[in-house]
2 protein chains.
Amino acid sequence: MGCSRYNGLMRLRKKTEESGADATGGGLRDERKLRTRRALMDAALELIQGERSFSSISLREVAKVAGVVPAAFYRHFSGMEDLGLALVDDSFRTLHTMMREARSAPLPPSNLIANSVATFLKYSQDHRPHFEFIAKERYSGSSAVRLAIRREIRLWTSELAADLAPFPKLKSFNGDDLRMMAGLVVNTVIAATELILDVDTKDTAEVARIHRNAEKQIMLIFLGAAAWKSQA
Amino acid sequence: MGCSRYNGLMRLRKKTEESGADATGGGLRDERKLRTRRALMDAALELIQGERSFSSISLREVAKVAGVVPAAFYRHFSGMEDLGLALVDDSFRTLHTMMREARSAPLPPSNLIANSVATFLKYSQDHRPHFEFIAKERYSGSSAVRLAIRREIRLWTSELAADLAPFPKLKSFNGDDLRMMAGLVVNTVIAATELILDVDTKDTAEVARIHRNAEKQIMLIFLGAAAWKSQA
DNA sequence: CGAACAAGTCAACAAGTGTTCACTGAAAGT
DNA sequence: ACTTTCAGTGAACACTTGTTGACTTGTTCG
């Protein structure tokens with residue numbers, strides 16, 4: 001009895017040391033809470049890798065991997081759906097970060113498409129857990145999570161549409177058609193990402209194949225755009 | 001005790017009557033087995049409608065909805081994954097049926113795209129359960145189910161590529177690029193389908209919006225294809 | 001210093017899970 | 001008519017599940 005109590009405390013200690021002893025910043029209480037929150041979110045992302053999907057993992061599993069007792073979960077989230085929504089925010093934060101960075105580093109328009117595709121796919125591989133979560137929950141999660149994801153993707157599409165607007169070749173596009181085209185690009189990129197997620201990370205040949213395919217598809221889209229005429 | 005036994009038999013009887021008394025064809029034994037098998041598959045599809053996904057429903061739930069005791073499940077499938085694979089086959093059988101029908105009824109090339117899109121989306125709405133299953137399991141199911149779905153989609157893409165080949169405007173396409181383009185079309189159609197699945201069936205305005213969007217996207221793709229040049 | 005707060009613990013709960021077992025009774029085969 | 005086959009039954013198994021309540025114990029605040 002006393003023994004298992006100490007067990008719990010030791011886990012916490014370990015966690016503290018892991019994060020380094022430099023964490024002497026103010027608000028020890030809040031900081032610790034935040035760390036456990038992250039531990040729970042990371043645990044969920046970890047459990048999702050491979051076979052399982054978010055909707056099929058249990059609160060208890062998440063708690064266990066996070067090194068915390070099930071009851072403690074409720075100090076941070078009201079339930080699994082709540083955790084899911086937090087993960088959606090988290091995942092798209094990384095995505096928006098990437099897009100902001102990409103925007104601030106203007107690429108030469110010569111092979112802009114190839115570079116953009118490469119940048120994105122590289123990024124998605126580096127943040128695999130987040131993108132895997134999105135891919136898996138986009139259609140099969142609870143409706144709250146699903147809607148949150150869809151909202152974010154719409155937002156992303158609009159962002160891309162805004163980035164596309166200034167292009168000379170796309171002068172004849174009205175707002176709706178621009179979003180239509182951006183949606184096509186986003187869908188294509190997502191599809192490629194989802195394919196890559198299912199490929200062994202070592203299989204660079206297959207990854208390159210998917211890569212090239214996505215490039216070609218987006219070039220095709222731009223080719224079509226150049227010939228497009230929006231009717232008022 | 002005796003009471004609950006009778007309960008089970010009554011459920012079976014009810015099922016038999018539902019299906020009509022005309023089922024006097026030979027092989028009563030096999031026919032009944034097949035009916036239960038279907039009942040199990042239908043039960044799974046039914047449970048999937050709305051919030052839940054296949055990976056989050058239980059063998060016992062499926063058995064209960066099918067009006068059968070859990071142990072009986074094993075007379076038909078070795079487990080849930082087996083059922084999932086059967087559902088993949090089932091779902092794509094309907095899809096291939098549709099494509100065969102579409103091919104045998106040649107459309108005027110004038111508004112061929114609009115008609116094809118309309119036909120497909122109508123069909124997917126009429127077979128909602130199957131398409132909902134595919135959409136949900138495409139990325140989040142067990143790897144066996146996921147791979148089966150991916151295989152079928154690749155097959156579908158190849159079929160479409162073959163259908164596209166004879167078009168005069170696509171003369172300059174080599175095989176790889178033709179599949180690339182077909183993949184783009186398939187992705188677009190799937191994305192539209194998945195969007196429609198999340199819309200209230202009554203909301204015809206929203207359905208029409210998604211509809212028009214998909215049409216435009218595919219027209220854009222064909223426009224791009226007309227300008228495409230495959231390099232050897 | 002002492003009180004209040006709150007992130008963590010343990011223990012228990014009722015329900016649900018997959019799977020195995022010996023069984024029954026109607027259809028199929030002889 | 002007699003036996004075999006087998007899709008179905010019910011009961012039991014050893015777990016896992018979400019959630020609650022009473023608790024401890026370090027941090028924060030007055």
Side-chain angles (χ1 to χ4, degrees), chain A residues 1-16 23-40 43-44 47 52 54-84 142, chain B residues 1-16 23-40 43-44 47 52 54-84 142:
Chain A
M1 202 178 169
C3 178
S4 44
R5 165 85 45 76
Y6 279 102
N7 223 336
L9 286 178
M10 273 176 63
R11 277 204 202 106
L12 238 52
R13 292 263 161 69
K14 205 176 105 210
K15 208 166 270 304
T16 305
T24 45
L28 277 83
R29 189 77 158 261
D30 297 6
E31 189 205 341
R32 212 158 95 120
K33 173 156 190 180
L34 228 108
R35 193 154 54 229
T36 329
R37 189 186 151 92
R38 265 253 61 88
L40 286 167
L47 281 165
R52 327 271 312 269
F54 184 77
S55 15
S56 72
I57 64 175
S58 70
L59 186 151
R60 285 178 108 107
E61 282 178 297
V62 172
K64 185 185 290 184
V65 171
V68 132
V69 106
F73 182 99
Y74 293 102
R75 301 270 182 223
H76 302 271
F77 304 101
S78 69
M80 285 298 282
E81 175 153 311
D82 199 17
L83 209 200
S142 76
Chain B
M1 203 176 169
C3 178
S4 45
R5 165 85 47 78
Y6 279 103
N7 222 338
L9 286 178
M10 274 175 61
R11 276 203 205 108
L12 237 52
R13 292 263 163 67
K14 205 176 102 211
K15 208 163 270 304
T16 305
T24 46
L28 278 85
R29 189 72 162 262
D30 299 4
E31 189 205 341
R32 212 159 94 119
K33 172 156 190 180
L34 227 107
R35 193 154 53 231
T36 324
R37 188 187 152 92
R38 265 251 62 88
L40 286 167
L47 281 165
R52 323 272 313 268
F54 183 77
S55 16
S56 71
I57 64 175
S58 70
L59 185 153
R60 285 180 108 107
E61 281 179 297
V62 172
K64 185 185 290 183
V65 171
V68 132
V69 105
F73 182 99
Y74 295 101
R75 300 269 183 225
H76 303 271
F77 303 101
S78 68
M80 285 298 282
E81 173 152 311
D82 199 18
L83 210 200
S142 76

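In the text below, chain A, chain B and the rest are named by the order of the sequence lines, each starting its count at 1.
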K.L.:
Please state how far atom CG in B:Leu40 lies from atom P in C:dG18, giving the value in whole angstrom units.
P.N.:
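Result: 13 Å.
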
K.L.:
From the list C:dT9, D:dG8, C:dC21, which nucleotide is the closest neighbour of the side chain of B:Ala71?
P.N.:
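Within the option list, the nearest is C:dC21.
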
K.L.:
Can you build the contact string for nucleotides 13-18 of chain D? Use B for base contact, S for sugar-phosphate-only contact, and - for no protein heavy atom under 4.0 Å.
P.N.:
----BB

K.L.:
List for me each residue that meets side chain to side chain contact (heavy atoms under 4.5 Å, CB included) alongside B:Arg38, sequence neighbours excluded, and say none if there are none.
P.N.:
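With neighbours one apart ignored, the set is B:Met41, B:Asp42, B:Asp90.
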
K.L.:
Find the distance between CD (A:Glu31) and OG1 (A:Thr36) and round it off to the nearest 0.5 Å.
P.N.:
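Reported value, rounded in 0.5 Å steps: 10.0 Å.
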
K.L.:
In whole Å, what is the span from the CG atom of B:Leu34 to the C1' atom of C:dA27?
P.N.:
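Taking CG of B:Leu34 and C1' of C:dA27, I get 16 Å after rounding.
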
K.L.:
Measure the distance from CZ on A:Arg75 to P on C:dC10 and round it to the nearest whole Å.
P.N.:
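Result: 14 Å.
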
K.L.:
Given atom CG of A:Asp30 and atom C1' of C:dG8, what is their separation to the nearest angstrom?
P.N.:
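In whole Å, C:dG8 C1' and A:Asp30 CG are 15 Å from each other.
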
K.L.:
Tell me the interatomic distance from A:Leu28, atom CG, to C:dA7, atom P, rounded to whole angstroms.
P.N.:
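Result: 14 Å.
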
K.L.:
Any chance you could encode DNA chain C as dot-bracket? Rule is Watson-Crick or G-U wobble with both distances under 3.5 Å; [ ] for pairs crossing earlier ones, | for another strand.
P.N.:
|||||||.||||.|||||||||||||||||

K.L.:
Got A:Tyr74 and A:Leu59 here, is their nearest side-chain heavy-atom distance under 4.5 Å?
P.N.:
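SC-SC contact between A:Tyr74 and A:Leu59 confirmed.
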
K.L.:
Please state how far atom CZ in B:Phe73 lies from atom C1' in C:dG16, giving the value in whole angstrom units.
P.N.:
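About 17 Å, once rounded to whole Å.
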
K.L.:
What residues, two or more places apart in sequence or in another chain, satisfy side chain to side chain contact (heavy atoms under 4.5 Å, CB included) together with B:Arg60?
P.N.:
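Per chain and number, B:Arg60 pairs via side chain to side chain contact (heavy atoms under 4.5 Å, CB included) with B:Ser58, B:Pro70.
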
K.L.:
Calculate the interatomic distance between B:Phe77 atom CZ and C:dG18 atom P; express it in whole Å.
P.N.:
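To the nearest whole Å, that distance equals 15 Å.
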
K.L.:
What are the atom names and distances for every N/O pair under 3.5 Å that joins the protein to nucleotides 3-5 of chain C?
P.N.:
| residue | atom | partner | partner atom | Å |
| --- | --- | --- | --- | --- |
| C:dC5 | O2 | A:Arg29 | NH2 | 2.8 |

K.L.:
Starting from P on C:dA28, measure out to NZ on B:Lys33 and report it in whole angstrom.
P.N.:
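So the NZ-P distance, B:Lys33 to C:dA28, works out to 14 Å.
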
K.L.:
Please determine, for the side chain of B:Thr36, which listed nucleotide (D:dG8, C:dT9, D:dG10) has the closest atom?
P.N.:
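Looking only at side-chain atoms, B:Thr36 lies closest to D:dG8.
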
K.L.:
Suppose we screen for side-chain hydrogen bond (donor to acceptor under 3.5 Å, both in side chains). Which residues come up paired with A:Arg52, at least two apart in sequence or across chains?
P.N.:
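Here the qualifying residues are A:Glu61.
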
K.L.:
Can you name the side chain to side chain contact (heavy atoms under 4.5 Å, CB included) partners of A:Ala63, sequence neighbours left out?
P.N.:
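Per chain and number, A:Ala63 pairs via side chain to side chain contact (heavy atoms under 4.5 Å, CB included) with A:Val68.
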
